[in-house]
**Q** 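Handing you a structure now.
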Amino acid sequence: MREPAGRRWLRYGLALLFVGAGLLHFIRPETYLRIMPPALPAPRLLVLLSGAAEVTGGLGLLLPATRRWAAWGLLALLVAVLPANVYMLQICEKLHIPAWVAWARLPLQPLLMWAVWRITLGRPVARIL
């Protein structure tokens, strides 16, 4: 069965987003280190691992053979990085980030999770109803 064009473009967009964000973990790790909760061990390693997971997951969305595994990995990653987004909200003034930017990141997580689920694992809404 041929993939609908809208789902295909969403998949390409998500792949680009995750690969781009993942590469930034290596290019500018200090950006991500600033929002790492202090309770987490080995912050640099976690930043690099999460970057590698984003790149791998994003690329995995492009290949039919790896798409489902990539989706599950990205869903787990999006849950795992939620503490950093919450911590960023707590210290946004210290980081000189407007509070609305920090607040905007929180609903972005479930939106990304929905999009990853929708393009790889979820059934169309019309079929559920």
Side-chain angles (χ1 to χ4, degrees):
M1 186 168 103
R2 187 176 165 105
E3 180 180 35
R7 187 179 292 184
R8 183 173 52 251
W9 285 109
L10 178 59
R11 186 167 45 82
Y12 292 157
L14 285 170
L16 182 62
L17 177 101
F18 282 111
V19 170
L23 291 174
L24 284 174
H25 284 68
F26 297 96
I27 297 167
R28 301 184 66 78
E30 63 281 352
T31 301
Y32 299 93
L33 287 168
R34 292 174 33 188
I35 64 169
M36 285 294 278
L40 295 177
R44 183 169 290 280
L45 177 62
L46 291 175
V47 166
L48 297 176
L49 287 175
S50 61
E54 283 186 300
V55 170
T56 303
L59 292 174
L61 291 177
L62 299 175
L63 303 171
T66 58
R67 196 166 294 149
R68 290 181 66 82
W69 286 106
W72 284 114
L74 288 170
L75 290 172
L77 177 70
L78 288 165
V79 170
V81 301
L82 187 59
N85 291 335
V86 171
Y87 182 65
M88 184 178 88
L89 177 61
Q90 294 171 343
I91 64 166
C92 64
E93 287 180 14
K94 178 181 168 187
L95 297 172
H96 306 290
I97 296 172
W100 70 267
V101 172
W103 277 106
R105 283 187 63 128
L106 292 180
L108 184 61
Q109 296 299 114
L111 180 62
L112 287 171
M113 293 172 81
W114 173 85
V116 167
W117 176 265
R118 181 69 180 90
I119 63 163
T120 55
L121 305 166
R123 294 183 299 176
V125 175
R127 288 189 188 165
I128 294 171
L129 302 175

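These numbers were taken from a predicted model, which means no experiment stands behind them. The figures here come from the full heavy-atom set of this structure, side chains too, leaving out hydrogens, waters and symmetry mates.
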**Q** Test E54 against every option in L77, L78, L59, V81 by the side chain to side chain contact (heavy atoms under 4.5 Å, CB included) rule and name the one that passes.
**A** L77

**Q** Should L10 and V116 be regarded as members of a common hydrophobic cluster, given that ILVMFWY residues are connected when their side-chain heavy atoms come within less than 4.5 Å of each other, either directly or indirectly?
**A** yes

**Q** Of the non-hydrogen atoms in A71 and T120, which two are nearest, and what is the gap between them?
**A** CB-OG1, 2.9 Å

**Q** Working to the nearest 0.5 Å, report the span between OH of Y12 and CD1 of I119.
**A** 11.0 Å

**Q** List the steps and the verdict of side chain to side chain contact (heavy atoms under 4.5 Å, CB included) for N85 and L108.
**A** CA-CA 10 Å; N85 291 335; L108 184 61; over 6 Å; no

**Q** Got a donor-acceptor contact below 3.5 angstrom from the R11 side chain to the L61 backbone?
**A** yes

**Q** Would you give the length of the straight line joining atom OG of S50 to atom CG of L45, rounded to the nearest 0.5 angstrom?
**A** 9.5 Å

**Q** Could you tell me which non-hydrogen atom of P29 sits nearest to which non-hydrogen atom of R44, and how far apart they are?
**A** CG-NH1, 3.6 Å

**Q** Could you grab the distance from atom CD1 of I97 to atom CE of M88, nearest 0.5 Å is fine?
**A** 5.0 Å

**Q** Out of curiosity, does V101 fall in the hydrophobic cluster containing I35 (side-chain heavy atoms, cut-off under 4.5 Å, transitive links)?
**A** yes

**Q** Test side chain to side chain contact (heavy atoms under 4.5 Å, CB included) on V79 and M113; report intermediate values, then the result.
**A** CA-CA 9 Å; V79 170; M113 293 172 81; 3.5 Å; yes

**Q** Show the nearest heavy-atom pair for residues L33 and V47, with the distance to one decimal.
**A** CD2-CG2, 3.8 Å

**Q** What is the minimum heavy-atom distance between A53 and L74, and which atoms define it?
**A** O-CD2, 4.2 Å

**Q** In Å, rounded to the nearest 0.5 Å, how long is the span from CZ of R28 to CZ of R34?
**A** 9.5 Å

**Q** Should we count CD of E93 as having more than 12 external heavy atoms under 6.0 Å?
**A** no

**Q** Taking all atoms of both residues into account, what is the closest heavy-atom pair of F18 and G58, and its distance?
**A** CB-CA, 3.9 Å

**Q** Could you grab the distance from atom CH2 of W9 to atom CG of L16, nearest 0.5 Å is fine?
**A** 11.0 Å

**Q** How long is the span from the CH2 atom in W114 to the CD atom in Q109, to the nearest 0.5 Å?
**A** 16.0 Å

**Q** Do the side chains of W69 and V55 join up, straight or via other hydrophobic residues, at under 4.5 Å, putting them in one cluster?
**A** no

**Q** Would a 4.5 Å heavy-atom cut-off, applied to side chains only, mark L95 and C92 as touching?
**A** no

**Q** Give the ring-plane orientation class for W72 versus W117, where under 30° counts as parallel, over 60° as perpendicular and anything between as tilted.
**A** perpendicular

**Q** Kindly give the heavy-atom pair with the smallest separation between L89 and A99, and that separation in Å.
**A** CD1-O, 4.3 Å

**Q** Same cluster for V19 and L14 if Ile/Leu/Val/Met/Phe/Trp/Tyr side chains link at under 4.5 Å?
**A** no

